[in-house]
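Below: one structure, written as structure tokens.
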Amino acid sequence: MTMNEAMGVPATVIKIGGSTLGAQDTSLQDIVELHREGLRPVVVHGGGAMISDWLKRLDIESHFVDGLRSTSAPAMEVVLGVLRGVVNTQLVSEIIALGGRAVGLSGVDGAIVRGEQYDERLGLVGRITEANADILTSLLDAGVIPVIAPIALEAPHSEQQAGTPGRAQALNINADTMAGEIARALNAAQLIFLTDVDGLMDGAGAVVESLGAEQAERLRAEGVLSGGMIPKIDACFRAAEVGVAAFIANGTQPHTVHRLVSGERIGTRIEA
Ligand SMILES: Nc1ncnc2c1ncn2[C@@H]1O[C@H](COP(=O)(O)OP(=O)(O)OP(=O)(O)O)[C@@H](O)[C@H]1O
Ligand SMILES: [Mg+2]
């Protein structure tokens, strides 16, 4: 497919879990190959485990409020350094080494994603208020794979406020939430969560092949849906609501992205 033919193709958002980073999997290889064949991939990454490790190493206190890590100003510096610096740069370098073209950015760049503080007790953790995919579309049109770190911009936005000097703060955003909102803003064809398990598992430990809203609520109420799976499922339904096909699959297995994009039924598919 030529680049011009690829311009009308909707995007595919792929969230690479921090849980699978550094694992020698084929996800990036798949992404580069599929991009060459005309897929328009947008990569969003996590990195929670590396942030925890650096906070410990630097002896910066961080505590949890209702299961969410609060982010103080010093902790935010670590979040920025690790996500936008270490993890993002690593992914961009690897894609380029595999022969792809990638550009690294966060939601702050070009104000792609804006947010507001979630709860005072959580510090600089943000909720997304707005996502604008124009820059991502331009990058895709130019044959570039955008690689996005989950950070949003908290800044004045209205006409009156714009131009007045004030707060401009980066906010820590859950990577799954970020991927879901970007998929929505892009009107993506697909949203793929690559993680370290085969999909959403039911109470008996079997992968749920097709997940509807009712079963999701039941699994949540039963406590089967917990931890890192919660923001993923929420993001899947947010995206599925506007027609995005959403999947959760095991990124550590060979050619998971390839198989999903070719329509193979692996992992969990979310049905809105
Ligand atoms: N019902 C469930 N089915 C499958 N996994 C579940 C379920 N409930 C909770 N989990 C947990 O969710 C984890 C995946 O989410 P997690 O946040 O740890 O990884 P990630 O999102 O891929 O990586 P990161 O958060 O670093 O970006 C699984 O390893 C599993 O422990
Ligand atoms: Mg997670």
Side-chain angles (χ1 to χ4, degrees), residues 13 15-19 21 44-88 105-132 148-158 161 166-185 191 193 195-196 216-217 219-221 223-239 241 248:
V13 176
K15 190 263 177 164
I16 299 188
S19 60
L21 282 176
V44 177
H45 62 82
M50 195 185 275
I51 293 169
S52 299
D53 181 44
W54 276 61
L55 289 172
K56 206 189 289 162
R57 275 202 256 165
L58 294 167
D59 204 19
I60 294 171
E61 197 269 319
S62 83
H63 60 278
F64 285 82
V65 181
D66 304 334
L68 287 169
R69 194 209 332 258
S70 78
T71 306
S72 62
M76 190 64 207
E77 288 187 14
V78 175
V79 168
L80 284 170
V82 169
L83 291 180
R84 183 69 175 91
V86 181
V87 178
N88 192 276
L105 59 173
S106 83
V108 172
D109 296 274
I112 298 168
V113 180
R114 290 178 185 267
E116 62 187 16
Q117 268 186 49
Y118 199 74
D119 176 327
E120 238 168 58
R121 294 172 306 157
L122 289 171
L124 299 172
V125 175
R127 162 199 339 225
I128 295 176
T129 52
E130 202 185 324
N132 183 329
I148 308 173
I151 298 155
L153 176 66
E154 180 192 51
H157 188 221
S158 72
Q161 283 173 308
R167 238 164 112 82
Q169 173 70 58
L171 296 174
N172 185 6
I173 305 284
N174 178 282
D176 297 337
T177 311
M178 184 91 172
E181 295 307 308
I182 285 176
R184 268 175 81 103
L191 169 63
F193 285 97
T195 186
D196 61 351
E217 283 327 302
L219 292 175
R220 194 192 301 260
V224 172
L225 177 54
S226 67
M229 217 22 97
I230 293 176
K232 254 183 259 307
I233 296 295
D234 289 343
C236 283
F237 280 106
R238 281 274 297 163
E241 233 172 64
I248 298 168

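It should be emphasised that the depicted structure is a prediction, and the values quoted were computed from it without experimental measurement. When reading the values below, keep in mind they use all heavy atoms of this one structure, side chains included, and skip hydrogens, waters and symmetry mates.
- In terms of heavy atoms, L225 sits closest to I233 at CD1-CG1, 3.6 Å.
- To the nearest 0.5 Å, the span separating CG on N88 from CG on L105 amounts to 7.0 Å.
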Quick one, L124 with N172, criterion side chain to side chain contact (heavy atoms under 4.5 Å, CB included). Give me CA distance, side-chain angles, the key distance, then yes/no.
CA-CA 6 Å; L124 299 172; N172 185 6; 5.5 Å; no

Steps toward side chain to side chain contact (heavy atoms under 4.5 Å, CB included) verdict (M178, K15)
CA-CA 9 Å; M178 184 91 172; K15 190 263 177 164; over 6 Å; no

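- Considering all non-hydrogen atoms of both residues, A131 and A185 come closest at O-CB, 3.7 Å.
- Minimum heavy-atom separation, E61 to S72: O-OG, 4.5 Å.
- The two residues L80 and A170 come nearest to each other via the heavy atoms CD2-CB, 4.1 Å.
- One finds the CD1 atom of I128 at 11.5 Å from the CD1 atom of I112 (value rounded to the nearest 0.5 Å).
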List the steps and the verdict of side chain to side chain contact (heavy atoms under 4.5 Å, CB included) for L122 and Q117.
CA-CA 8 Å; L122 289 171; Q117 268 186 49; over 6 Å; no

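- Rounding to the nearest 0.5 Å gives a distance of 10.0 Å between CD of E181 and OG1 of T129.
- Qualifying salt bridge (charged side-chain N to carboxylate O under 4.0 Å, His left out) partners for R127, counting only residues two or more places apart in sequence or in other chains: E116.
- In this structure, A152 and R114 approach most closely via the heavy-atom pair CB-C, 4.1 Å.
- At least one donor-acceptor pair closer than 3.5 Å links the side chain of R184 to the backbone N or O of R238.
- With sequence neighbours excluded, the residues satisfying salt bridge (charged side-chain N to carboxylate O under 4.0 Å, His left out) with E217 are R220.
- Residue I16 holds its CD1 atom at 11.5 Å from OG1 of T195, rounded to the nearest 0.5 Å.
- Here the straight-line distance linking atom CG of L171 with atom OG1 of T71 works out to 9.5 Å at 0.5 Å rounding.
- Note that the CE atom of M76 and the OG atom of S62 stand 13.5 Å from one another [nearest 0.5 Å].
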Using the side chain to side chain contact (heavy atoms under 4.5 Å, CB included) rule, take I248 and M229 through it: C-alpha gap first, then chi angles, then the decisive distance, then the call.
CA-CA 9 Å; I248 298 168; M229 217 22 97; 4.1 Å; yes

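- Residue pairs meeting the salt bridge (Lys or Arg N to Asp or Glu O under 4.0 Å) criterion with at least one partner in residues 46-55, sequence neighbours excluded, are D53-R57.
- Minimum heavy-atom separation, A175 to P150: CA-CB, 3.7 Å.
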